[in-house]
2 protein chains.
Amino acid sequence: MPRVTIADIAKEAGVSKPTVSRALNGHPDVGAETRERIQRIAADLGYAPSASARSLRTGRHDTLGLLMPLQQWWGYSDIQYGIAEESARRGLHLMVHPLRPGERAEREFVTQTLPTLPVDGLILLMPEGTPRHIGAIAHTSMPSVVIDDRGHRLDLPYVESTNRAGFREAVLHLVRHGRRRIAFVGGQLNDAFAQERFEGYLDALREGGIPYDPDLTLLPADREPTADEITELLGTDPDGLAVAWDEIAFSALNALHAAGHRVPDDVAVIGFDDSPIARVMQPPLTTVRQPFRQMGAAAVRMLLDSIEHGRPPAHFTVPTELVIRDSCGSHEDQ
Amino acid sequence: MPRVTIADIAKEAGVSKPTVSRALNGHPDVGAETRERIQRIAADLGYAPSASARSLRTGRHDTLGLLMPLQQWWGYSDIQYGIAEESARRGLHLMVHPLRPGERAEREFVTQTLPTLPVDGLILLMPEGTPRHIGAIAHTSMPSVVIDDRGHRLDLPYVESTNRAGFREAVLHLVRHGRRRIAFVGGQLNDAFAQERFEGYLDALREGGIPYDPDLTLLPADREPTADEITELLGTDPDGLAVAWDEIAFSALNALHAAGHRVPDDVAVIGFDDSPIARVMQPPLTTVRQPFRQMGAAAVRMLLDSIEHGRPPAHFTVPTELVIRDSCGSHEDQ
DNA sequence: TTGTACGCGTTATCAC
DNA sequence: GTGATAACGCGTACAA
C-alpha cells in the first residue's frame with residue numbers, strides 16, 4: 001500500500017495541499033475549523049510526513065551528527081549519553097559516525113562523507129593525537145562544536161571542563177589533610193590534559209607552601225606506567241599520589257598493595273575522571289569527576305545556537321567536581 | 001553560494017542530467033569518455049549529492065536506526081560499537097534513538113517517531129523489563145532485529161549469545177578443579193538471563209555428579225545482593241561462587257575480603273559478561289565473555305538481509321568465551 | 001549510448 | 001484564510 005501524503009489528505013478534506021501543510025505545521029493563518037478537520041483526517045489516514053521530502057524542500061534535517069573515535073572508553077559513552085538526551089529533548093535526531101584513526105580516514109571524512117551528510121551540525125569528539133586534518137571542518141559551512149579541544153586549536157567553538165582548577169582542588173585537599181610529600185603521576189606533558197593537571201598540581205603545592213620536588217614526578221609514556229616506574233616512585237617515600245587519570249590510579253593502587261603499603265594510611269591516592277571502576281576499587285578512589293554528560297548537553301546547545309544564529313567561535317566551561325571516597329584518607333576526620 | 005547539482009555538471013559537460021546521474025552512479029550504459037569527463041567536472045565543481053533528494057526518489061536512506069535504552073551500561077556501548085563498525089564497513093549511516101522507559105514512551109515511539117524515521121531498518125536493544133508495547137514494531141513494515149530478546153517474545157529476528165552453555169562451561173571449570181560446594185548467585189528467576197544461567201549451573205552440577213543444594217542458591221532482588229545476604233551465604237561454607245553477573249561478583253569479592261576469606265584459596269569466584277572492571281579487580285575475575293561486538297555486527301548483517309530479501313523471522317547465536325583469570329584458582333595448575 | 005519527460009512529498013511565493 | 005504554481009535535487013521510464 002502506498003504512502004499517505006498531504007495530497008491524499010487534501011483530496012479527502014476538499015482543500016489544497018498548501019492548506020494541509022499549513023494546518024499540520026501550526027501556521028496561524030488557517031481557519032480553526034479547517035485545521036481541526038485536517039488534523040482529524042490526517043490521523044484517520046495514518047499520515048506520516050516524509051523526512052526526505054521535507055529536508056529537500058527546507059534544507060534542514062533536524063539531525064545532529066556526532067563524530068566519535070572508533071575507540072572504547074566509558075567517557076565517550078557518557079558524553080554521547082548527554083548529547084543523545086539533550087538532542088531528544090529538542091526533538092532532534094542523532095547520527096553517530098565512527099572516525100577511524102589516521103590522517104587518510106580524516107581526509108576522506110572531510111572531503112567525501114561530510115558534504116553529503118544529512119545533518120544540520122556536527123559535534124566532534126576527538127582523542128589526543130588526532131591529526132590536524134580534521135580541522136578542515138572549520139573551513140566548511142557545516143556548523144560544528146568540539147568537545148575537549150585540548151591542544152587541537154581547531155578554530156571551532158568548544159566545550160571543556162576545569163582540568164587545572166579541578167586537579168588543584170583535589171591536591172589541595174590532600175595538602176589540607178597533612179600530606180607533604182605528594183607525588184604527581186601523569187602522562188607526558190605534551191599531552192595537553194596531563195599538562196593542565198600538572199599545573200593544577202603545582203598550583204596546589206604553591207598554595208600549600210610546599211616546594212616542588214622533581215623526584216616526586218612520574219611521567220610515563222602512553223599514560224601507562226610500568227611496574228618498575230611505580231616501584232621506583234614508591235622508593236622516594238611519598239605520602240600521597242596525585243594521579244592524573246583514574247586508570248593509572250588503579251594500577252598504582254594495585255602496586256601499592258603488592259608492595260605492602262596501606263592506602264590511605266601510608267599513602268593517600270587521588271585520581272581524575274571518576275571512572276565507574278573508582279567506586280568499586282578497594283579502597284574506593286577519591287577522584288575528580290568529569291561532567292561528561294553536561295559537556296555533551298552543552299555542546300548540543302552551543303551547536304543549536306550556531307545553527308540558528310551563526311554564532312562566532314566561543315567556548316564553554318563546565319566545572320569538575322571533587323568526589324571524596326576512602327583512598328584519600330579524609331573520610332573519617334570530617 | 002548555491003549547491004552544485006547534477007544540472008550544473010550537465011550544463012558544464014554539455015550533456016543531459018540523466019547522463020550525469022548514470023555516469024556518477026556507475027551505470028554500464030554510458031560512454032567511457034563521457035563518464036570520465038563527467039567525473040572530472042563533478043570533482044572540479046565540488047559536487048556532493050543531496051541525500052534528501054536521493055532518498056525522496058529512491059525510498060532508501062542508507063541509514064540504520066538503533067533504539068537504545070536511556071541507561072548507562074558498558075555492554076550497550078560495546079554492542080553499539082559493533083553495530084557502528086559493521087554499518088560503516090557497509091557504507092551505512094547509524095542513527096541512535098534513546099528510548100525512555102515506560103509504556104507511554106514506547107507507544108509514542110512506535111506511533112509518532114517511527115513512521116517518519118529516515119531509516120531503512122531498526123535494531124532494538126532493550127533491557128529486561130521493557131514492556132511489551134514496543135513489540136508493535138513487528139506489525140510494522142519496518143525491518144527490525146532485536147538483540148538479546150530474552151523473554152520478550154517479540155516475534156522478530158534476534159541475536160543472542162550462549163548464556164546457558166557459557167555458564168555451564170564456567171561452572172564445570174570450577175568442578176574440574178575440585179570445587180564441590182559451589183553456590184549460585186544471580187537475579188530472580190523471572191529474569192530470563194538469570195534463568196538461563198541458573199540452568200547452565202544446574203547442567204554443570206549434574207555433569208559433575210554434584211547434587212543440587214538449595215541452600216547454596218542466592219537469588220537477590222534487582223540483581224543486587226545485600227551485605228546480609230552475602231554474609232548468610234558465606235555461612236553455608238561454599239568453596240566456589242558462580243555469579244551470574246560481574247557486577248554482583250565484584251560485590252561478592254569485596255564481601256569475601258571483608259569477611260576474611262581468601263580468593264581463590266578459600267573460595268573461587270566466577271562471573272559473567274567480562275566487564276572492563278573484571279580485569280583490574282583483585283584478584284582479576286574469571287568470567288564468561290559476552291561477544292557484544294560480534295552480536296552487534298551480526299544484527300547489522302541480519303537486518304541487511306531482511307531489508308534486501310525480506311527474510312522471515314530467524315535468529316542467530318554467537319558463542320560466549322570463558323576467560324580464565326586468577327579468581328577461579330586454576331591459573332597456577334594448568 | 002543519450003535525451004525527454006516526469007514524479008517523489010513537501011513547503012515557499014504570490015495572488016486572490 | 002485559501003488556492004494555484006513552482007521549486008527543492010535526483011532517478012527512472014521510455015523514446016530516440
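Throughout, protein chains are lettered first and strands after them, A, B, ... in sequence-line order, and every chain is numbered starting at 1. Note that the coordinates shown come from a computational prediction; the quantities given were computed from them, not determined experimentally.
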Check whether any side-chain N or O of [X] sits under 3.5 Å from a backbone N or O of [Y] as a donor-acceptor pair, and report yes or no.
{"X": "B:S52", "Y": "B:S50", "result": "no"}
{"X": "B:R107", "Y": "B:H133", "result": "no"}
{"X": "A:R35", "Y": "A:H27", "result": "yes"}
{"X": "B:D78", "Y": "B:W74", "result": "no"}
{"X": "B:R3", "Y": "B:A48", "result": "yes"}

Given atom [atom1] of [X] and atom [atom2] of [N], what is their separation to the nearest angstrom?
{"X": "B:E36", "N": "C:dT1", "atom1": "CD", "atom2": "P", "answer": "15 Å"}
{"X": "A:I9", "N": "C:dT11", "atom1": "CD1", "atom2": "C1'", "answer": "14 Å"}
{"X": "B:H61", "N": "C:dC8", "atom1": "NE2", "atom2": "P", "answer": "16 Å"}
{"X": "A:I38", "N": "C:dT11", "atom1": "CD1", "atom2": "P", "answer": "13 Å"}

Inset, instruction - Determine the interplanar angle of the A:H315 and A:Y158 rings, folded into 0 to 90°, and report it as parallel if under 30°, tilted if 30 to 60°, perpendicular if over 60°. - result: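 Parallel, since the angle between the ring planes stays under 30°.
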
Legend entry - B:T320 and B:Q290: side chain donor to acceptor below 3.5 Å: no

Inset, instruction - Please determine if a side-chain N or O atom of B:T34 lies less than 4.0 Å away from the OP1 or OP2 oxygen of C:dT2. - result: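 Yes, B:T34 has a side-chain N/O under 4.0 Å of OP1/OP2 on C:dT2.
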
Inset, instruction - Considering just the side-chain nitrogens and oxygens of B:S16, establish if one lies under 4.0 Å of OP1 or OP2 belonging to C:dG3. - result: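 So the side chain of B:S16 is within the cut-off, an N or O lying under 4.0 Å from OP1 or OP2 of C:dG3.
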
Inset, instruction - Considering only heavy atoms of chain B and a distance under 4.0 Å, specify the first and last nucleotide of DNA chain D in 5' to 3' order that meet this criterion. - result: D:dG9 to D:dA13

Please work out if [X] contacts a base, only the sugar-phosphate, or nothing of the nucleic acid, heavy-atom cut-off 4.0 Å.
{"X": "B:R3", "answer": "sugar-phosphate"}
{"X": "B:S55", "answer": "nothing"}
{"X": "B:T5", "answer": "sugar-phosphate"}
{"X": "A:S52", "answer": "nothing"}

Legend entry - Donor-acceptor pair under 3.5 Å, A:R54 side chain vs C:dT10 base: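 No pair found.
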
Legend entry - Donor-acceptor pair (no angle test) under 3.5 Å: A:K17 side chain, C:dT10 base: yes

Inset, instruction - By nearest nucleotide on DNA chain D, pick out whichever of A:R35 and B:P49 is the more 5' one. - result: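 By nearest-heavy-atom nucleotide position, the 5'-most residue is A:R35.
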
Inset, instruction - Could you say whether B:R57 or B:G31 is positioned toward the 5' end of DNA chain C, judged by the nucleotide with the nearest heavy atom to each? - result: B:G31

Legend entry - Between the first and last five pairs of the helix from C:dT1-D:dA16 to C:dC16-D:dG1, the angle of the axes, rounded to 10 degrees: 30°

Side-chain polar contacts of residues 80-95 of chain A - donor-acceptor pairs under 3.5 angstrom, sequence neighbours left out - could you list them?
{"residue": "A:Q80", "atom": "OE1", "partner": "B:Q80", "partner atom": "NE2", "Å": "3.0"}
{"residue": "A:Q80", "atom": "NE2", "partner": "B:Q80", "partner atom": "OE1", "Å": "3.0"}
{"residue": "A:E86", "atom": "OE1", "partner": "A:R89", "partner atom": "NE", "Å": "3.2"}
{"residue": "A:E86", "atom": "OE2", "partner": "A:R90", "partner atom": "NE", "Å": "3.0"}
{"residue": "A:E86", "atom": "OE2", "partner": "A:R90", "partner atom": "NH2", "Å": "3.0"}
{"residue": "A:S87", "atom": "OG", "partner": "A:I83", "partner atom": "O", "Å": "2.7"}

Legend entry - Candidates B:V159, B:L122, B:L64 - the one meeting side chain to side chain contact (heavy atoms under 4.5 Å, CB included) with B:L303: B:L64

Inset, instruction - Measure from the side-chain heavy atoms of B:L56 and tell me the nearest of C:dG9, C:dA12, C:dG3. - result: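 Nucleotide nearest to B:L56's side chain: C:dG9.
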
Inset, instruction - Salt-bridge test for B:R40 and B:E36: reply yes if a basic N is under 4.0 Å from a carboxylate O, no otherwise. - result: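 Looking at B:E36 together with B:R40, the answer is no, because their closest N to O distance does not fall below 4.0 Å.
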
